[in-house]
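Reading through the structure tokens given below for one structure.
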Amino acid sequence: MTNLEGFFKPKSIAVIGASRKEGSLGWVFFNKLQHFGYNGKIFPVNPQATEINNLPCYPAVEEIPEVPELAVILVKKELAIEAVESCGKKGIKNIIMITAGFREIGGEGITREAQLLEVLGKYGMRMIGPNCMGIINTDPEVKLNASFSPTEPFPGNVAFVSQSGALGVAVLEMSKMLRLGFSLFISEGNKADLIDSDFLEFLATHDKTEVIALYLESIEDTGRFRKVISQLSRQKPVIVLKAGSSESGAQAASSHTGALASSDRATDALFQQCGLLRVHTIENMFHLALAFSNQPCPKGNRVAVITNAGGPAILATDAVERYGLSMAQLSEKTKEQLRKLLPEEASVRNPVDMIASANETTYQNTLQQVLKDPNVDAVIIIIVRPPVNTTPEIIAEKFKEILQKKPDKPIFVVLMAKKDEVSGLPIFHELKLPVYSYPEAAAYSLAAMLKYQQQRQKPVSKIRKYSVERRSLNHIFVSAEMERREHLRTMEILSLLQAYDFPLAAGTLVQSAAEAMEFYQKIKQPLVLKIEAEDILHKSDSGGVKVNLKSPEEIETAFELIMQNAHKIVSPQKIAGIFAQEMISGQYELALGMKRDPNYGPMIMVGLGGIFIEIFNDVSFRIAPLSENDSREMIREIKAFRILEGFRGKPPIDLEVISESLLKLSQLSLDWPQISELDLNPFMVDPDRKNCKIVDVRIRISLK
Ligand code: ADP
Ligand code: MG
């Protein structure tokens with residue numbers, strides 16, 4: 001693990017490009033650093049000044065009387081490399097490169113960034129940036145503001161890592177209004193050297209950080225990212241806002257899986273596998289950060305709502321249910337107590353409507369009773385003013401006593417008031433009660449906390465290993481490569497899949513109706529005949545599939561018909577024959593597939609198969625390697641799962657055979673990186689395992 005203490009807790013800092021010129025970047029930066037209260041030594045470096053803000057200024061890094069632990073570089077882009085070089089010579093190990101004009105501008109910038117990395121490597125230095133806004137550490141013992149963010153955040157327990165500097169600064173600004181406190185702020189910039197995983201590893205060990213919020217545009221080294229986050233998210237919640245989700249992945253693809261596998265789906269799959277909490281708006285990132293940074297996670301999904309107005313309570317109830325939580329059934333005892341406390345017109349059932357006359361004591365007593373109820377896992381308190389008979393500030397004061405006892409159930413406040421009446425905010429903040437403007441936000445955050453709590457409790461799931469004799473399969477790829485064939489032949493695919501012990505329908509390639517008959521007599525099952533020809537990828541579209549053939553006549557007619565149809569579209573030398581296959585009587589058609597994503601690796605898919613796959617889009621993805629849990633969960637995610645598990649009294653499908661095949665597919669995809677796309681569609685599934693068979697296969701490889 002990279003030690004980043006030198007960045008976040010440096011004993012001394014050189015500021016290369018510090019300036020006396022009011023308003024300049026070097027001036028803003030230097031003043032922030034000084035005034036935030038940093039207690040280490042600061043060495044301004046600027047050949048044009050002898051002192052800045054009463055501190056001696058050095059003409060060059062070489063002149064500094066000691067070796068600073070960190071150097072921040074703010075010089076012009078043309079001077080940046082030189083500055084790093086002199087830091088290297090001086091023995092400085094940690095660089096924050098604020099200067100822009102590198103990879104982000106393209107052209108010469110790309111070359112400049114490469115040079116920069118070379119110099120870093122030469123001296124064994126590490127760097128944040130370039131093109132970043134710097135970092136902030138609010139720890140009272142450090143008080144480091146090495147950024148030119150105009151806002152200085154409150155100290156708190158949320159570390160915020162942002163790939164965009166400007167967005168990061170905007171978030172700091174908003175966080176002040178919401179009273180969300182930060183432990184660290186890291187503006188990553190171009191991530192030329194230190195990347196997300198480095199920061200995340202550091203944050204895992206950073207005591208002052210209990211929640212992590214990430215804004216990402218790209219992910220470097222997805223394999224490492226996955227490992228780091230999988231571990232980290234079991235310790236601390238990691239909320240991520242990943243931009244670029246509208247990007248379309250519908251590039252020309254020859255498989256169903258390829259058409260459905262967009263890179264945003266890969267992102268989603270990966271995030272889910274490593275326990276990241278993905279949000280799609282800045283607002284939701286704040287909602288979750290506020291919740292996690294202040295309150296314990298709920299132990300169950302039963303929510304109680306306390307309110308002084310009916311409308312917002314109905315909205316809260318709707319939101320609770322929409323986000324998969326449920327409204328708690330208050331115990332008889334609680335209801336009895338509430339009846340004594342509240343006026344006759346009040347409702348003592350959940351949502352507890354104390355009606356408009358409620359004052360601070362009503363809020364206090366009601367909360368106390370509801371919290372005690374064993375049927376309640378979390379509480380949402382709605383304060384609407386008007387009509388509330390008191391001020392949020394006075395109510396907040398009344399909550400102090402309850403919160404001093406540190407209840408282990410999360411409590412959220414929904415404050416619906418005019419701007420000038422949100423007077424209670426500082427007290428709520430002090431009590432660590434997150435305050436939301438709308439009930440939906442509270443319910444949304446609670447649901448995310450519950451999800452996090454549940455996934456953290458799940459045992460770490462294994463990756464099953466199948467033993468496969470791979471060497472004997474090499475020749476398949478070698479001959480496809482030599483013949484420059486992008487698509488493997490059916491017989492080739494079948495021997496590949498056989499080696500992994502996939503459940504395959506019995507079949508053989510035949511050249512005549514007589515041969516097909518012979519196969520029919522051998523298997524004693526109704527037959528399916530399919531065209532096997534190069535350039536015919538979708539066989540049934542071209543009249544190339546005939547099913548359920550049960551007599552010599554049917555077989556003969558079907559054989560002739562398929563051949564006739566094929567001759568209409570391809571030349572005879574492209575036709576390899578006809579594939580004779582046993583007819584499988586599975587109840588439903590599933591599709592399993594793989595598409596290799598250039599960033600994330602093999603995306604494994606399961607979905608409802610057959611001809612409707614692309615219309616219903618009912619599929620789910622995970623990134624290989626799949627754990628046993630992944631394979632089971634992804635089946636449960638598709639809408640068709642309800643059918644598979646037994647619908648209207650029908651017996652359930654053998655799910656284990658599907659999840660095993662997904663695990664095999666995951667291994668096969670990692671074993672053979674030349675496979676770019678793979679479709680097993682349909683995979684016939686049935687309550688009876690012997691009717692669960694793959695009947696159609698397609699593999700595309702990338703030729704070197
Ligand atoms: P393609 O996808 O190229 O059109 P398939 O082999 O998938 O060709 O066949 C098309 C459809 O025919 C399948 O989706 C399935 O409904 C049916 N089918 C094909 N083979 C079998 C089989 N062995 N048993 C039962 N049904 C089959
Ligand atoms: Mg098919």
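Counting starts at 1 for both ligands and their atoms, in listed order.
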Please list, in number order, the atoms of ligand 1 under 4.0 Å from a heavy atom of [X].
X: Leu537; answer: 3 (O)
X: Asn681; answer: 7 (O)
X: Pro682; answer: 7 (O), 13 (C), 14 (O), 15 (C)
X: His538; answer: 3 (O)
X: Arg698; answer: 2 (O), 3 (O)

* Side chain, backbone, both or neither: which part of Val528 comes within less than 4.0 Å of ligand 1 when only heavy atoms are counted? -> side chain
* With a 4.0 Å heavy-atom cut-off (strictly under), which part of Ala505 contacts ligand 1: side chain, backbone, both or neither? -> neither
Assess whether a salt bridge exists between [X] and [Y], defined as any Lys/Arg side-chain N lying under 4.0 Å from an Asp/Glu carboxylate O.
X: Glu534; Y: Arg485; answer: no
X: Glu637; Y: Arg622; answer: yes
X: Asp377; Y: Arg302; answer: yes
X: Glu188; Y: Lys191; answer: yes

* If you measure from each heavy atom of Asn548 to ligand 1, is any distance below 4.0 Å? -> no
* To do: Compute the minimum heavy-atom distance from Glu582 to ligand 1 and say whether it is under 4.0 Å.
  => yes
* Within Asn681, is some N, O or S atom less than 2.8 Å away from the Mg ion (ligand 2)? -> yes
* To do: Check whether any N, O or S atom of Asp679, backbone or side chain, sits closer than 2.8 Å to the Mg ion (ligand 2).
  => no
* Structure fact -> Looking at Asp696, the N, O or S atom sitting nearest the Mg ion (ligand 2) is OD2
* Asked: Who passes side chain to side chain donor-acceptor pair (under 3.5 Å) against Lys539, sequence neighbours left out?
  -> Asp696
* Do other residues, nucleotides or ligands put more than 12 heavy atoms under 6.0 Å from Gln329 CD? -> no
* To do: Look only at interatomic distance and state if Asp541 has a nitrogen or oxygen under 3.5 Å from any nitrogen or oxygen of ligand 1.
  => no
* To do: Kindly confirm or rule out an N or O of Val547 lying under 3.5 angstrom from an N or O of ligand 1.
  => no
* Check whether the ring centres of Phe292 and Tyr452 lie less than 6.0 Å apart, and answer yes or no. => yes
* Just checking, Lys664 and Tyr466: is the charged tip under 6.0 Å from the six-membered ring centre and within 45° of the axis? -> yes
* Step-by-step side chain to side chain contact (heavy atoms under 4.5 Å, CB included) determination, Ile584 to Ile694 -> CA-CA 9 Å; Ile584 301 296; Ile694 295 162; over 6 Å; no
